[in-house]
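See below for the structure under consideration.
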Amino acid sequence: MPRPEAVVFDLDGTLIHSAPELLNAANTYLAGLDRAPLTLAELQGFIGNGVPTLVKRLRAARALDTGPEDIARFLGIYQNNPVGHTTVYPGVVAALQTLSLAGVPLGVCTNKPEKPTRDILDHFGINRYFRAVVGGDTLPVHKPDPAPLRHAMQELASTSVLFVGDSEVDCATAQAAGQPFALFTEGYRKSPVEALRSSLVFDRYDGFAQTVLRIVSPQAQRA
């Protein structure tokens, strides 16, 4: 496999800890339906396959059927303030800055809709590091279909990327696209670490950029 020419990150559970925000939105939504709130553990089990799937899972957990209007209603609540309870994982900003200054092209590929994705990146001031941002509704398909990751690669003009994620969905996406995968273990995965095929496993961003700079191609670092 050729050395990566760029680095593409998942968002939720990889760059940001967004589960508390999603939990707040989910429980606000359920309160409007007179249903019991979810726990954080329940909510984290629903993350990974995009908002439509998350809504279907939370409604099924409270014995509710799902229609298109339910997804729109949840998104309306969530997008009203997607950052009130969201935090960036420690060390992320410094890692992005180091990689960007070294000339490594960076992108985001997430199943979160593109608008709240961009709002979150803007809010935390990290949007400037990314040359490509692909959301769950940017294309007709989303991860683990490889098309979104390949779309990010096209925008970065890269034929090989290191895809950084936290979940089974991210691992499957990298494999489907034929790209190396780096697993951040402090996110929202459901399987043991050893069950996910990866080229790199890490639990903190301290030292992450330095490790990546030893992996990506020298040409990428001169971009």
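Sequence positions, counted from 1, serve as the residue numbers for this chain.
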* Do the side chain of Ser100 and the main chain of Leu96 share a donor and acceptor less than 3.5 angstrom apart? -> no
* Within the side chain of Arg35, is there an N or O that forms a donor-acceptor pair under 3.5 Å with the backbone of Leu30? -> no
* Asked: For the hydrophobic clusters of this structure (ILVMFWY residues joined by side-chain heavy atoms under 4.5 Å, transitively), does one cluster hold both Val108 and Phe202?
  -> yes
* Could you tell me whether the side chain of Asp203 and the main chain of Thr185 form a donor-acceptor pair under 3.5 Å? => no
* Looking at residues at least two apart in the chain, or sitting in another chain, which of them share a side chain to side chain contact (heavy atoms under 4.5 Å, CB included) with Ala95? -> Tyr205, Phe208, Ala209
* Without swapping roles, check the side chain of Asp166 against the backbone of Tyr188 for a donor-acceptor pair under 3.5 Å. => yes
* Report yes or no: do Leu101 and Leu162 belong to one cluster of Ile/Leu/Val/Met/Phe/Trp/Tyr joined by side chain heavy-atom distances under 4.5 Å? => no
* **Side-chain donor/acceptor of Gln179 to backbone N/O of Val161, under 3.5 Å** => yes
* Do Ile120 and Phe9 sit in the same hydrophobic cluster, where Ile, Leu, Val, Met, Phe, Trp and Tyr count as joined when their side-chain heavy atoms come under 4.5 Å apart? -> yes
* Asked: Can any side-chain N or O of Arg62 pair as donor or acceptor with the backbone N or O of Leu58 at less than 3.5 Å?
  -> no
* To do: Check the side chains of Thr14 and Asp10 for a donor-acceptor pair under 3.5 angstrom, ignoring hydrogens and angles.
  => yes
* Would Tyr89 and Phe184 count as a close aromatic pair, with their ring centres under 6.0 Å? -> yes
* Not counting sequence neighbours, which residues clear side-chain hydrogen bond (donor to acceptor under 3.5 Å, both in side chains) with Asn80? List them please. => none
* What distance do Leu196 atom CG and Gln175 atom CD have between them, rounded to the nearest 0.5 Å? -> 8.5 Å
* Asked: With no hydrogens and no angle check, is any side-chain donor or acceptor of Glu21 less than 3.5 Å from a backbone partner on His85?
  -> yes
* Please examine the side chains of Tyr78 and Lys112, heavy atoms only from C-beta on, and report whether any two atoms are closer than 4.5 Å. => yes
* Is Leu22 reachable from Leu33 through a run of I, L, V, M, F, W or Y residues, each pair having side-chain heavy atoms under 4.5 Å apart? -> yes
* Decide yes or no for Leu23 and Leu38: does some side-chain heavy atom of the first lie under 4.5 Å from some side-chain heavy atom of the second? => yes
* Asked: When you check the side-chain N and O atoms of Thr138 and Glu114, is any donor under 3.5 Å from an acceptor?
  -> yes
* Structure fact -> Checking Thr66, Asp137, Ile71 against Pro52 for side chain to side chain contact (heavy atoms under 4.5 Å, CB included), the one that qualifies is Ile71
* Asked: If only atom types and distance count, is the side chain of Ser158 paired as donor or acceptor with the main-chain N or O of Gln154 below 3.5 Å?
  -> no
* Measuring from Leu183:CG to Ser199:OG, what's the distance to the nearest 0.5 Å? -> 11.0 Å
* Pick from Arg57, Lys143, Lys56: which one makes a side chain to side chain contact (heavy atoms under 4.5 Å, CB included) with Asn49? -> Arg57
* To do: Check the side chains of Thr173 and Asp170 for a donor-acceptor pair under 3.5 angstrom, ignoring hydrogens and angles.
  => no
* To do: Would you kindly say whether Ser217 and Glu5 are connected by a side-chain donor-acceptor distance under 3.5 Å?
  => no
* Measure the spacing between OG1 of Thr117 and CD1 of Ile16 and express it to the nearest 0.5 Å. => 7.5 Å
* Kindly work out whether a path of hydrophobic side-chain contacts (I/L/V/M/F/W/Y, heavy atoms less than 4.5 Å apart) joins Val83 to Leu15. => yes
* Sidechain-backbone polar pair: Arg131 side chain, Glu155 backbone, donor-acceptor under 3.5 Å -> no
* **Beyond-backbone contact of Leu106 with Val8, side-chain heavy atoms, under 4.5 angstrom** => no
* For Arg204, does its backbone N or O pair with a side-chain atom of Glu186 as donor and acceptor, under 3.5 Å? -> no
